[in-house]
Amino acid sequence: MDILIVGAGIAGLRTLYSLRKDGFDVRVVEASDELGGVWNHNRYPGARCDVESYDYSYSFSPELEQEWTWTERYPRQPEILSYLNHVADRFDLRRDITFNARVASADYDEVGAKWVVAFEDGAAMTCRRLILCLGQLSAPKTPEYPGQELFRGETIVSALWPRRDVDFRGKRVGIIGTGSSGMQMTPVIAETAERVTVFQRTANYSVPAANAPLTADEIRDVKAHYAERREMTRNSPTGLGFQPGKVKTLDVDPDERERVFEAAYNRYGFGFALAYPDILLDPEANAVASDFLRRKIGERVSDPEVRAKLLPVTHGFGTRRPTVDSGYFEAFNRDNVDLADIREAPITEFTETGIRTTEKDYPLDLIIYATGFDALTGALLKPRITGRDGQTLKEKWAQGPITQLGLGTAGFPNLIIVGGPGSPTVLSNVMVSTELQVDWLTELLKTLRDEEIAEIEVTPEAEQAWNAHVAERVSETLYMTADSFYNGGEVKGKPRVFMPYSGGVRHYRRLLEKCAADGYAGFALRKAPLAKTAEVQDAR
Ligand code: NA7
């Protein structure tokens, strides 16, 4: 076929819709037997999006916008999955998706200017252009401890949650990890489990979700002004609709600052980070915001010892992904919830009956790994992708990913990445940044079709310049002051390179527009494949 899309999550579905509408011969392949990507796999109790529902939805169809009604301010995983299924049915997307098809490898045929894609079951497909919509947080990682195989209870990975109901009644549950997943599931599991022990390596900042069912008036209001709301999100730095405050944190008197922080804390979730424009830029401003949040966390926990352990001190607010939670800290006020500080007393091994730390044994029936992902590059590097001259993507990115605008990399012609490293991805509302990229690449592909371009390829100069720009923008921020999944710090041995683009969704959009206006600057567009041209020249 002409175009093969890998992955039927938010990005894959949207790409399929847009390309098919524009008459492309296109197919999606999906490893799972169901669509939805992370929302198909992350079915753990309490899984919820921390972007507001009406902003975490596609903007390409006004009819869809009016038809679909969200029930809560922050949508739960089952509702998001229903929404994505509704979109697939409403636009008849399923007929162009092949399920249960996991890509094992993709090899670029330089002479034919096409990709040969092989699947784990032995099947193969060829396509002219290959579009990877593999997600940013979709390759789960689980830590290794001595004795893991000895544990006689059950173990579950949060990002590979089983579809059956998991009954926690009468069970002693251990949760490893206190990112969004661990924080979201803890209060929910604590409601029915006999005992929950949270194994915390790093105390994390969180802002309460202020979640609630949406009222009929709120829904009517959003639907009546959806277009304006979309404009606001598209023109905000994060795609969440929040504009940063204008006055610097330390330029206001403390009472006024307290009032602003309090208002943002109680209502805006992630928007708290933009209460002042310099919270993620200036260490002193960040320290003031971090102090405020530590005070707030402290107010939510009654036991002084537990409280002290839950206060984040290793990093500044926002330098690692903060959480928007619903009752996480309050869960520790319950009699059946314990905190195991594994920074202070690390896990030494698993035993037949539970987890042993340097301090004590925790008897457990169920262990949940909420330990996150090999972020941004993990899923892209899982299949063996081989470009020009036999070079694999893994080899090419050995020192860290290098891209032009996050969309492609030199040496890998006709390969396009959606939500890739070098684009706003995890620093943005991915709905907004994904749609932005897909609209742009649809126009690009139309140009390639109209101009009969056999091969498009990022130039080495462009990707060098883009990576330098990504690095320069992040150097203006505090993001590199902590190890995080933004900068490879989440996986031992991973290159420590800041991967998402921190220049904001709006600015990124302008750069995409400029790239297109300049004739797709930074990409070489060839009517005949480079290899073929070279072959002809050799023959002459
Ligand atoms: P995160 O945010 O990456 O959190 C992973 C958590 O697991 C974090 O607390 C880690 O501790 C902890 N972790 C990771 N490895 C270990 C080991 N070896 N031992 C103990 N603890 C460990 O992933 P989530 O799934 O919670 O959230 C990911 C995104 O999903 C989130 O940002 C939203 O976009 C939705 P650490 O902090 O590294 O010490």
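Treat the numbers as computed from the prediction; the structure is a model and nothing was measured. Residues: numbered from 1 along the sequence shown.
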Sequence neighbours excluded, the answer for side-chain hydrogen bond (donor to acceptor under 3.5 Å, both in side chains) partners of Glu349 is Arg356
Between atom CZ of Arg172 and atom CG of Asp338, what is the distance when rounded to the nearest 0.5 Å?
12.5 Å
Flag side-chain contact, heavy atom, 4.5 Å: Arg94 against Asn85
yes
Side chains of Val38 and Ile10: closer than 4.5 Å at any heavy-atom pair?
no
Donor-acceptor pair, side chain of Glu490 and main chain of Ala375, under 3.5 angstrom
yes
Heavy-atom side-chain contact between Asn40 and Leu81 under 4.5 Å
yes
Donor-acceptor under 3.5 Å (Asn266 side chain, Glu262 main chain):
yes
dist Phe99:CZ -> Glu30:CD (nearest 0.5 Å) comes out at 6.5 Å
Is the distance between the ring centroids of Tyr83 and Trp39 under 6.0 Å?
no
Does Met480 CE have over 12 foreign heavy atoms under 6.0 Å away?
yes
Has Glu284 got more than 12 heavy atoms of other residues, nucleotides or ligands less than 6.0 Å from its CD?
no
Looking just at side-chain N and O atoms, do Ser82 and Glu79 make a donor-acceptor pair shorter than 3.5 Å?
no
Would you say the side chains of Tyr226 and Ser57 form a donor-acceptor pair under 3.5 Å?
yes
Basic-acidic side-chain contact under 4.0 Å: Glu34, Arg163:
yes
Nearest 0.5 Å, what's the CD-CG distance between Glu52 and Asp55?
5.5 Å
Ser302 side chain to Asn333 side chain, donor-acceptor N/O pair below 3.5 angstrom:
yes
Do the side chain of Lys171 and the main chain of Asp167 share a donor and acceptor less than 3.5 angstrom apart?
yes
Do Tyr58 and Glu435 meet the criterion of a side-chain donor-acceptor pair at a distance under 3.5 Å?
no
CZ (Phe350) and CG (Leu150) are apart, to the nearest 0.5 Å, by 10.5 Å
Looking at CG of Asp221 and CG of Leu214, how far apart are the two atoms once the value is rounded to the nearest 0.5 Å?
11.0 Å
Side chains of Ser61 and Glu63: donor-acceptor distance under 3.5 Å anywhere?
yes
May I ask you to check whether over 12 heavy atoms, not counting those of Arg90, lie within 6.0 Å of atom CZ?
yes
Does the side chain of Trp397 reach to within under 4.5 Å of the side chain of Leu380, using non-hydrogen atoms?
yes
Does the side chain of Ser206 pick up a donor-acceptor pair with the side chain of Thr323 at under 3.5 Å?
no
Around atom CD of Glu305, are there more than 12 heavy atoms of other residues, nucleotides or ligands at under 6.0 Å?
no
Before we go on, tell me: are the rings of His86 and Trp68 under 6.0 Å apart, centre to centre?
yes
Looking only at side chains, do Thr425 and Gln136 share a donor and an acceptor under 3.5 Å apart?
no
Sequence neighbours excluded - side-chain hydrogen bond (donor to acceptor under 3.5 Å, both in side chains) pairs with any residue from residues 473-485
Arg473-Glu476, Asp483-Arg496
Under the salt bridge (charged side-chain N to carboxylate O under 4.0 Å, His left out) rule, what pairs show up with a residue in residues 133-155, not counting sequence neighbours?
Arg152-Glu352, Glu154-Arg164
Quick one: are the ring centres of Tyr265 and Phe292 less than 6.0 Å apart?
yes
Could you verify whether a donor N or O on one side chain and an acceptor N or O on the other, from Asn487 and Arg320, lie under 3.5 Å apart?
no
Side chains of Thr249 and Asp278: do they bring a donor and an acceptor to under 3.5 Å?
yes
Verify the ring-centre separation between Tyr74 and Tyr56: is it less than 6.0 angstrom?
no
Examine Tyr205 together with Phe272 and report whether their ring centres are nearer than 6.0 Å.
no
Side-chain donor-acceptor pair under 3.5 Å between Glu72 and Asn211, yes or no?
yes
Run the ring-centre check on Phe60 versus Phe91 and record whether the distance is less than 6.0 Å.
yes
Whether over 12 other heavy atoms sit under 6.0 Å from Asp165 CG:
no
Looking only at side-chain N and O atoms, does Thr202 offer a donor or acceptor that is under 3.5 Å from a partner on Arg343?
yes
Measure the CG-CZ distance between Leu311 and Arg295 for me, rounded to the nearest 0.5 Å.
12.0 Å
